[in-house]
Amino acid sequence: MTATRLHTKYVEKPWGRHTLPGFFPEGGGRQIGEVWFDGPDGRHPPILVKYIFTSERLSIQVHPDDAQGRARGLPGGKSECWFILDAEPDATLGMGTVRPLSGDELRAASLDGEIEQLMDWKPVRPGDFFYIPAGTVHAIGAGVTLVEVQQNVDVTYRLYDYGRPRELHLDDGVAVSRPEPYERAPVNVAAQDEAALLDRSEAPFNLTLDTFPEGTHSIAGSGPCWFIPLTGHGTVDGAPWQAGQCWLIDGTARLLVAAKTRALLATV
Ligand SMILES: O=P(O)(O)OC[C@H]1O[C@@H](O)[C@@H](O)[C@@H](O)[C@@H]1O
């Protein structure tokens, strides 16, 4: 058996939702913002997959890169990427600032709230994909459901939180920020069956979007592979899988697809 279903962990957030979309059971009245796919037991793999559901803006925040993380006693840094599953018509994502800011300007704007106006809030729609390298000042907006694939280091430096009573991390946040416009070209793959979304040459992991027709397939790679089915169901190495789960595949696995499936596949 080389395929392991990862445990789900529901995380409460002040910007989360009481009713989760699609395949996730209710959070028992809790305000859930994230579903993490943890483990497997006894392992700390290099990638963490999350679903994120928003009803308000997340904090305006930044993550350190590997060197900055290690210098702060962490195992590394955190770059992340977002695949948008659903977005309300006016939903936005804050990525980068509208103009380059100095460290002092970023600190002052974070303290007095002007950072909200200085963020570049870009409209978002299903099928959009964004890579957020460490150092990018960012904030996911309200009304968005997305899959996040990130380096497995739980570190967020909050610069601004709209007055919510949560801790801020201004010193570390300003130190690791590159407050500048986000220049990566927009990518939307809503109409595509397959797409190479992210490559190891520019990020700490590879990510592809794949479509599997009904039938038998094999997932094989030289290292671990995260199988993140967005639609469909079937079996993997004989165990039932369905959309909304995440499986870690070591080596080769036999994938039986019972209904046409769209999936994200991440490798390191
Ligand atoms: O600090 P808050 O607002 O709770 O946001 C924290 C969340 O931010 C997102 O951009 C991602 O980096 C998530 O992995 C992280 O958990």
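Whatever order the structure lists them in is the order used to number ligands and atoms, beginning at 1.
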From Lys78 NZ over to Thr156 OG1, what is the distance, rounded to the nearest 0.5 angstrom?
4.0 Å

The closest protein heavy-atom partner of atom 11 (C) of ligand 1 is Glu148 OE2, 3.0 Å

Relative to the heavy atoms of His138, which atoms of ligand 1 are at a distance of less than 4.0 Å?
10 (O)

Against heavy atoms of Trp15, which atoms of ligand 1 measure under 4.0 Å?
2 (P), 3 (O), 4 (O)

Which protein non-hydrogen atom lies closest to atom 3 (O) of ligand 1, naming both residue and atom, and how far is it?
Arg166 NH2, 2.7 Å

Distance-only, no hydrogens or angles: does the Thr54 side chain make a donor-acceptor pair with backbone N or O of Gly141 under 3.5 Å?
yes

Phe37 vs Phe24 aromatic rings, parallel, tilted or perpendicular, using cut-offs 30° and 60°?
tilted

Atom 1 (O) of ligand 1: the protein heavy-atom neighbour that sits closest, reported with distance to 0.1 Å:
Arg158 NE, 2.7 Å

Nitrogen or oxygen of Asp161 less than 3.5 angstrom from that of ligand 1
no

Atom pair CZ/OG of Arg107 and Ser177 - distance to nearest 0.5 Å:
10.5 Å

List the steps, then state whether salt bridge (Lys or Arg N to Asp or Glu O under 4.0 Å) holds for Glu116 with Arg57.
CA-CA 11 Å; Glu116 267 197 84; Arg57 284 179 175 171; 3.1 Å; yes

Below 3.5 angstrom, do we get any N/O pair linking Thr156 and ligand 1?
no

Are Arg43 and Thr4 close enough, and set up right, to give a side-chain hydrogen bond (donor to acceptor under 3.5 Å, both in side chains), and what steps lead you there?
CA-CA 12 Å; Arg43 270 174 76 177; Thr4 310; 5.7 Å; no

Hey, what else clusters with Val11 if you join Ile, Leu, Val, Met, Phe, Trp, Tyr whenever side-chain heavy atoms sit under 4.5 Å?
Trp36, Leu48

Within a radius of less than 6.0 Å around CZ of Arg178, do more than 12 heavy atoms belonging to other residues, nucleotides or ligands occur?
yes

Show which atoms of ligand 1 fall inside a sub-4.0 Å distance from at least one heavy-atom site of Gln150.
14 (O)

Test of proximity, Trp82 against ligand 1: N or O pairs below 3.5 Å:
no

Within 4.0 Å of some non-hydrogen atom of Lys50, the atoms of ligand 1 are 13 (C), 14 (O), 15 (C), 16 (O)

The atoms of ligand 1 lying under 4.0 Å from a heavy atom of His63, numbered in the order shown, are 12 (O)

I want to confirm something. Looking only at heavy atoms, which of Glu34, Arg164, Glu80 is nearest to atom 16 (O) of ligand 1?
Glu34

Could you go through Glu80 and His138, starting from their C-alpha distance and side-chain angles, then the distance that decides it, and tell me whether this counts as side-chain hydrogen bond (donor to acceptor under 3.5 Å, both in side chains)?
CA-CA 11 Å; Glu80 64 195 36; His138 64 275; 3.2 Å; yes

Checking a contact table here: which protein heavy atom is nearest atom 6 (C) of ligand 1, and how many Å away?
Gln61 NE2, 3.6 Å

